[in-house]
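When a residue number appears, it is its place in the shown sequence, counting from 1.
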Amino acid sequence: MSSRRRFLAGTAAVGATGAVAGCVADEGRKAGVRDVAVPEVSRPSASVVPAARTPSQRLNFVVVLADDLGYGELGSYGQKLIDTPRLDALAAEGLRFTDAYSAAPVCAPSRCSFLTGLHSGHATVRENPWGPGGQGALTEQDFTFAEALRALGYRTGLIGKWGFGPERPNQPSHPNSRGFEEFYGYLTHKHAHDYYPTYLWDNGKKQTIPENQDDARKIYAPHLIEDRALGFVDAHKDQPFLLFLAPTAPHAPSQAPKLGAYADEPWPRPDKAHAAQVTGLDTLVGNIVDRLKAHGIDRRTVVLVTSDNGPHEEGGTNPDLFDGNGPLRGYKRNLYEGGIRVPLIAWSPQRVPVGTTDRPTPLIDLLPTLAELAGAPAPSDIDGLSVAPLLRAGNAEAARHDHLYFYRNHSGVTPRADRVDRGRTRHVAEAVRRGELKAVRFAPGQDRQAPDSRWEVELYDLARDPGERHDLAAARPAQADALVRLMRSSWVDDYRRKPYGVTLQVTRKSGKFLVTAAFANGSARPWTAARLALVAPNHWQARNLGPVTTDRIRSGGRFVTRWEVTPAADADQGRLTARGTAMHAGAAVTYTAQASARK
C-alpha cells in the first residue's frame, strides 16, 4: 500500500477517512487522530511553520482562465463588436502579451499543461477525454501550481471548471487532491458544457440545484461561480491566497440569461448570446477587481487573464462575424496561430509594469512564475520558464524558450477548422515555434509513429507572415527539417518525473506495519532543516526506526525514514499521514502523503 506525494490542505481536503490534512498535531487530535512520532517530530518549531511569515509579505494571485476565448475577442486585442471595457482597462493599466500560447488547441490537454507546467509532449493528458485513447484524468505524479503555493501556506481555491474526471471525490484527479483547498464548480469536461446544471460540486460533495431540475433552467451557473469567487476573496482577504477562476464562458452552447446590448443586433441568436457571454466574462473579472479594491488588497494582488485555446464555432456561433482569431489563421482544434495563440493580460497596480511584450510565452510558464513571485520551490523537470522578471517594476527580460512545442490528436471536427486544416482535423498534428519560424506537420492519419516521409510539413515566418498564408517548406527544406527534429525530440511516450515532496509506503509485518516515508527535493535549490513526522489514528503506537530530521536535502536528493506502527487492538484499518517540512530560500514548505494501513 503506497501513495505518492500529495499536498493536503485545510478541511476541504479531509475526506471521509478522517485523516489529517495539512494540520498541526493539536488540530489533528481534534479530528480524532494524533501524531505518534517522538515529540520533537510531532511539534515542528515555529521557524518551519508556514504561518510564521506574515500575510503582508506575500502576494495574492487571481488567475482567470476563459474557455474558448479567441485571440481577437477582446477590445484590447482588436475586437470591434463585443464590449469588454473592464478587461481592456486591465490591459491598458498592465502588461499585455502579444505572443502568448495555450499548450494545445483543445481543452483538456491545454488545461493539464497549464496546471502542471509541462508541454503537450510531456504532460499526462494530451487528448480530450473521448475517442480512441481519450484521456481526462490527472495522476498522483502531477504537481500543479496550486500545490506549489499551498506548500508555502497559501489558501487555494478553484472556482469554475476543472475539466478532469472521474466524477467522484477522494481520488488523485480531484482538485482537492491536486492542491486546491476549496473547489466549487464542474468536475468533468462534459459536465462543464451545461450552463444550467442540476448540480455543481462543492469540494467532495454534489450540491444539487433544484431550480434547474426537469430542464427548468432558472439558475445560470456563471452567476453561482461569480458569487463563490467573490466569497473566496472576502474570506481570505487577510491571508495570502490563490484564486483560480475558471468560468465556462464563452464555450458552447451560446447561452446567456439576457442578451443585453446585443438583443437588437441583426445577428443570429447564437452570436448574440456569444457576445453576451464574452461581455459577461468581462463583467465577472471587473467585479473581482472591484472586490480586491474594496478590501484594499489590489496592490498586493497579481491578476492574470487568459484562455485555454482559440475561438470555437460550435452551436451555430460564427467566429468570423467577430473576427475572433484577429489577424491569425485557424480556430479551436487547429495548430495554426488562431487555434493556440491566446490573449494574456497581467495586472497589479504599481507592481506590474504598463505596456506590451512580444516574448513568446506559453501558458506552461504559469507554474514557475507563480512559484517565483510567491517564493515557493517548483519542480525542476517542468518545461515552463518563469516570466516573473516581466511582472516586476523595471520590466526586466525573462528567460526565453529555445522552442515551443504543440501537439494535437482530436476526434472532433468543425467545418471552419477542417477547411483550415484542408480536411486533416482528425489527423495527428504537431507544431514547433523557434524564434520567428514555425513548422506545422500532419500525420497521414491517427498514427503518430508513421515515418517522417509520410507526414506533410509546412513552414511559416511569423515575423513577415503572422497569418501563416505562405508555406516556405519547399523553399527552406533545411529549416523545416530542423524543426521536425525538434518535434521528434519534444515527444516522450512516458515522461518520467523526478520525485518531489513526500511519498509514503506501508507494508504489513507480523500484525504490525512498516511505514517508509521519503521526502524528495525535486526543485533546483537545496532544502534545509528538513523533518518528517507521522500522524496516525488514536491509540495506534509508532516507533522510530531512523532519524526524523536532516540538515539538508540537496537538489535532486531525498531523505528517507521509517516507523514501526502497531495498530489499536480493535482497529482493522487506519489512515496514516506523513508530513515533511523544510526551509526553502528562507520560507517554510510543507508536503504530506497519505496511505491506508489494513490488517
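- Scanning all heavy atoms of the two residues, the minimum distance from Thr248 to Ala192 falls at CG2-O, 3.5 Å.
- The cationic group of Arg424 lies under 6.0 Å from the six-membered ring centre of Phe442 and within 45° of the ring axis, placing it in a cation-pi geometry.
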- Message: With side-chain contact (heavy atoms from CB on, under 4.5 Å) as the criterion, how do Ile364 and Tyr101 come out once you've worked through the C-alpha distance, each side chain's angles and the decisive distance to 0.1 Å?
- Response: CA-CA 9 Å; Ile364 60 174; Tyr101 288 91; over 6 Å; no
* Report the C-alpha distance between Val302 and Val62 in whole Å, list the side-chain angles of each, state the deciding distance to 0.1 Å, and finish with yes or no for side-chain contact (heavy atoms from CB on, under 4.5 Å). => CA-CA 6 Å; Val302 174; Val62 176; over 6 Å; no
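- There is a side-chain donor-acceptor pair under 3.5 Å between Thr361 and Arg359.
- Between Leu472 and Tyr460, every side-chain heavy-atom pair lies at or beyond the 4.5 Å cut-off.
- Taking the charged nitrogens against the carboxylate oxygens, Arg329 and Asp421 have no contact shorter than 4.0 Å, which rules out a salt bridge.
- Once rounded to the nearest 0.5 Å, the distance linking CG of Leu363 with CZ of Phe97 reads 10.0 Å.
- With 3.5 Å as the limit, one finds a donor-acceptor pair spanning the side chains of His274 and Glu73.
- Between Asp383 atom CG and Ser120 atom OG the span is 9.5 Å, to the nearest 0.5 Å.
- Under the 4.5 Å side-chain criterion, counting only non-hydrogen atoms from C-beta, Asp68 is in contact with Asp308.
- More than 12 heavy atoms of other shown residues, nucleotides or ligands fall within 6.0 angstrom of atom CZ in Arg400.
- Side-chain contact between Phe164 and Val125 is present, with heavy atoms from C-beta onward closer than 4.5 Å.
- Residues Pro360 and Leu404 come closest through the heavy atom pair CB-CD1, 4.0 Å.
- A donor atom on one side chain and an acceptor atom on the other are found under 3.5 Å apart for Asn318 and Arg416.
- Between the side chain of Asp461 and the backbone N or O of Asp465, no donor-acceptor pair lies under 3.5 Å.
- Checked against the 6.0 Å centroid threshold, Phe145 and Phe61 do not count as a close aromatic pair.
- Counting all heavy atoms, side chain and backbone alike, Thr139 lies closest to Pro172 at C-CB, 4.2 Å.
- Between Asn309 and Ile340, every side-chain heavy-atom pair lies at or beyond the 4.5 Å cut-off.
- No donor-acceptor contact under 3.5 angstrom links the side chains of His122 and Ser490, judged on distance only.
- Closest non-hydrogen pair, Ser173 versus Gly165, comes out as OG-O, 2.8 Å.
- Electrostatic pairing of Arg497 and Asp381 counts as a salt bridge here, judged by a charged N lying under 4.0 Å from a carboxylate O.
- Listed for the Arg408 side chain is a donor-acceptor partner under 3.5 Å among the backbone atoms of His427.
- From Asp142, atom CG reaches atom CG of Leu118 across 7.5 Å, with rounding to the nearest 0.5 Å.
- The aromatic rings of Phe244 and Phe114 sit tilted, their planes meeting at an angle between 30° and 60°.
- Scanning both residues, Leu367 and Thr116, for their nearest heavy atoms gives CD1-O, 3.6 Å.
- Under the 3.5 Å distance criterion, with hydrogens and angles disregarded, a donor-acceptor pair is assigned to the side chains of Asp88 and Thr84.
- Between the side chains of Tyr195 and Gln277, at least one donor N or O sits under 3.5 Å from an acceptor N or O.
- Using a cutoff of 4.0 Å between basic side-chain nitrogens and carboxylate oxygens, Arg126 and Glu430 are not scored as salt-bridged.
- Salt-bridge annotation for Arg392 and Glu372: present, with a side-chain N of the basic residue lying under 4.0 Å from a carboxylate O of the acidic one.
- The pair Arg111-Asp67 counts as a salt bridge, with a side-chain nitrogen and a carboxylate oxygen less than 4.0 angstrom apart.
- Between His119 and Phe406, a ring centre-to-centre spacing not shorter than 6.0 Å is recorded.
- How far OG1 of Thr425 is from CG of Leu335: 10.0 Å, rounded to the nearest 0.5 Å.
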Handout entry: salt bridge (charged side-chain N to carboxylate O under 4.0 Å, His left out) between Glu147 and Arg178, intermediate numbers included
Key = CA-CA 6 Å; Glu147 290 180 274; Arg178 301 270 62 84; 3.5 Å; yes
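- A cation-pi arrangement, defined by a distance under 6.0 Å to the six-membered ring centre and an angle within 45 degrees of its axis, is present between Lys206 and Tyr199.
- In this structure, the ring of Tyr407 has its center less than 6.0 angstrom from the ring center of Trp491.
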Determine, stepwise, if the pair Leu158 / Tyr184 fulfils side-chain contact (heavy atoms from CB on, under 4.5 Å). CA-CA 7 Å; Leu158 164 60; Tyr184 179 77; over 6 Å; no
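- Annotation: side chain of Leu373 is in contact with side chain of Leu391 (closest heavy-atom distance under 4.5 Å).
- In summary, the side chains of Asn203 and Glu182 do not present any donor paired with an acceptor at a separation below 3.5 Å, with no hydrogens or angles considered.
- Salt bridge Arg341/Asp99: present, at least one basic N to carboxylate O contact under 4.0 Å.
- A ring-centre distance under 6.0 Å is not found for Tyr331 and Tyr71.
- Ser254 and Thr317 are linked by a side-chain donor-acceptor pair at a separation below 3.5 angstrom, with hydrogens and angles left out of the test.
- For the pair Ile345 and Tyr77, the minimum side-chain heavy-atom distance is below 4.5 Å.
- Checked for salt-bridge contact, Asp202 and Arg228 meet the test: a charged N lies under 4.0 Å from a carboxylate O.
- Using a 4.5 Å heavy-atom threshold, the side chains of Val342 and Leu69 count as separate.
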| Chi angles and distances behind the side-chain contact (heavy atoms from CB on, under 4.5 Å) call for Val63, Leu245 | CA-CA 6 Å; Val63 178; Leu245 180 56; over 6 Å; no
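- Both tests do not hold together for Arg150 against Phe180: distance to the six-membered ring centre under 6.0 Å, angle to the ring axis within 45°.
- By the 4.0 Å N-to-carboxylate-O rule, Lys438 lies too far from Glu458 to be salt-bridged with it.
- Atom CG of Leu74 is separated from atom CG of Leu281 by 7.5 Å, given to the nearest 0.5 angstrom.
- Of the candidates Leu483, Asp471, Val484, Asp452, Val457 forms a side chain to side chain contact (heavy atoms under 4.5 Å, CB included) with just one, namely Val484.
- Ring centroids of Tyr186 and His191 are separated by less than 6.0 Å, placing the two rings close together.
- Note that NZ of Lys332 and OG of Ser307 are 9.5 Å apart. Values are rounded to the nearest 0.5 Å.
- Contact of the Leu149 side chain with the Phe241 side chain is not registered, since no non-hydrogen atoms from C-beta on lie closer than 4.5 Å.
- Between Asp418 and Arg333 there is no salt bridge, since no side-chain N of the basic residue sits under 4.0 Å from a carboxylate O of the acidic one.
- Here the shortest heavy-atom pairing between Leu115 and Trp162 reads CD1-CZ3, 3.7 Å.
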